[in-house]
Amino acid sequence: MEGYPGAYDEHTDSTKQQERHYYLLSELQALVKDLPSSFQQRLSYTTLSDLALALIDGTVYEIVQGLLDIQHLTEKNLYNQRQKLHSEHRALKQELVRKHKEALLTCKTHNLAVLRTNQQAETEALEQRVREEQRMMDEKIVVEMDQKVVDQQTTLEKAGVPGFYITTNPQELMMQMNLLELILKLQQKEAQSGNPS
C-alpha cells in the first residue's frame with residue numbers, strides 16, 4: 001500500500017490535466033466562431049484539441065509573448081532606421097538647395113545657364129541616390145521581417161504548436177496568424193479570469 005498515495009497523486013494530476021484540456025478546447029471552440037468561416041472550416045476538432053494540449057502548461061503563452069516582444073522591438077528598430085535615413089535625406093536636400101541658392105547669388109549672368117544645368121544634374125543625382133537608398137532600406141526591412149516570420153514559425157513548430165511550420169504560402173500564413181490570434185485571445189481571457197496559465 002506504500003505506492004498508493006503516489007498513484008492517487010498521478011490520478012489527480014491526470015484529472016486536472018484532462019479538465020484543463022477540456023476547458024481550453026471549449027474556449028478555443030468558442031473563439032474560433034469569431035474567425036472568418038473559411039478558417040473555421042480548416043480548424044478541425046483534432047487541430048483544436050492538439051492546440052489545447054499544447055497550451056495546458058502555459059509555456060506556449062510565454063513563447064508567443066516572447067516572440068511578439070522580439071517582433072515589436074524589431075519593427076520599432078527598423079522604423080527608427082527608416083526615419084533616420086529619411087531625416088538624413090531631408091538634410092542633404094536642404095543643404096543642396098542652400099548651396100544652389102548661394103551659388104545663384106554669386107553667379108555672373110553669362111554663367112547662369114551653365115550653373116542651372118549643373119545644379120539640375122546635382123539635384124537629379126541626389127534624388128536618384130535618395131530613391132536607391134530608400135529602396136535598399138525597404139528591401140532590408142522586408143528581408144528582416146520575413147526572417148522574423150521564419151524564426152516564429154520554427155520556434156512554434158519546435159514547441160509543438162499545431163499548424164506551425166516554415167511556409168511562405170499566403171493562405172497558410174493567414175492560418176498561422178489566426179492560430180496566433182486564438183492563442184493570444186485565450187491567454188488574455190485566462191489572465192482576466194485569473195485562471196492559471
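Atoms considered below: every heavy atom in the structure, side chains included; atoms not considered: hydrogens, waters and symmetry mates.
Gln81 places a side-chain heavy atom less than 4.5 Å from the side chain of Asn77. Inter-residue side-chain proximity for Val150 and Gln147 is flagged as met; some heavy-atom pair is nearer than 4.5 Å. Counting heavy atoms from C-beta outward, Lys93 and Val97 have side chains that stay 4.5 Å or more apart. Proximity of Gln187 to Leu184: side-chain heavy atoms (C-beta onward) are separated by under 4.5 Å at one or more points. Within the 4.5 Å cutoff, the side chain of Tyr79 has no heavy atoms near those of the Ile141 side chain. Counting heavy atoms from C-beta on, the side chains of Thr168 and Asp146 never come closer than 4.5 Å.
One distance of note links CG of Leu43 with CG of Leu28; it measures 9.0 Å at 0.5 Å rounding. Between the CD atom of Gln94 and the CZ atom of Arg90 there is a distance of 7.0 Å, given to the nearest 0.5 Å. Here the CZ atom belonging to Phe164 is positioned 8.0 Å from the CG atom belonging to Leu51, to the nearest 0.5 angstrom. Atom CZ of Arg20 is separated from atom CG of Leu24 by 4.5 Å, given to the nearest 0.5 angstrom. For the atom pair CG of Leu67 and OG1 of Thr154, the computed distance is 10.0 Å after rounding to the nearest 0.5 Å. Between Asn80 atom CG and Arg82 atom CZ the span is 12.5 Å, to the nearest 0.5 Å.
Heavy-atom minimum distance, Glu133 versus Leu85: O-CD2, 3.6 Å. The two residues Thr47 and Pro162 make their nearest non-hydrogen contact at O-CG, 4.0 Å.
Between Arg135 and Glu132 there is a salt bridge, since at least one side-chain N of the basic residue sits less than 4.0 Å from a carboxylate O of the acidic one. Salt bridge status for Glu95 with Lys99: absent, with no side-chain N to carboxylate O gap under 4.0 Å. Using a 4.0 Å cut-off between charged nitrogen and carboxylate oxygen, Lys185 and Glu181 count as a salt-bridge pair.
Distance alone, capped at 3.5 Å, is enough to place a donor-acceptor pair between the His21 side chain and the Ser49 backbone. A distance-only check finds a donor-acceptor pair linking the side chain of Gln40 to the backbone of Lys33 [under 3.5 Å]. Remark: side-chain polar atoms of Gln17 are not paired, donor with acceptor, to backbone N or O of Ile56 under 3.5 angstrom.
Summarising the local packing, CE of Met145 is surrounded by more than 12 heavy atoms from other residues, nucleotides or ligands at distances under 6.0 Å.
Counting only N and O atoms by type, the side chains of Asn118 and Glu122 include no donor and acceptor under 3.5 Å apart. Neither side chain, Gln134 nor Asp138, offers a donor N or O lying under 3.5 Å from an acceptor on the other. Under the 3.5 Å distance criterion, with hydrogens and angles disregarded, a donor-acceptor pair is assigned to the side chains of Arg131 and Gln128. For the residue pair Glu172 and Gln176, no side-chain donor N or O sits within less than 3.5 Å of a side-chain acceptor on the partner.
Using a 4.5 Å cut-off between side-chain heavy atoms of Ile, Leu, Val, Met, Phe, Trp and Tyr, with links allowed through other members, Tyr45 and Tyr23 fall into the same hydrophobic cluster. Residues Val149 and Leu156 do not share a hydrophobic cluster, clusters being chains of Ile/Leu/Val/Met/Phe/Trp/Tyr side chains in contact below 4.5 Å. Residues Ile183 and Leu68 share a hydrophobic cluster, clusters being chains of Ile/Leu/Val/Met/Phe/Trp/Tyr side chains in contact below 4.5 Å. Note on Ile166: it does not cluster hydrophobically with Met174, by side-chain heavy-atom contacts below 4.5 Å among ILVMFWY residues.
Residue Leu92 shares its hydrophobic cluster (ILVMFWY side chains chained together at separations under 4.5 Å) with Leu96, Leu126, Val130.
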May I have the list of side-chain donor-acceptor pairs in residues 105-113 shorter than 3.5 Å, sequence neighbours left out?
{"residue": "Thr106", "atom": "OG1", "partner": "Glu102", "partner atom": "O", "Å": "3.4"}
{"residue": "Thr106", "atom": "OG1", "partner": "Ala103", "partner atom": "O", "Å": "3.2"}

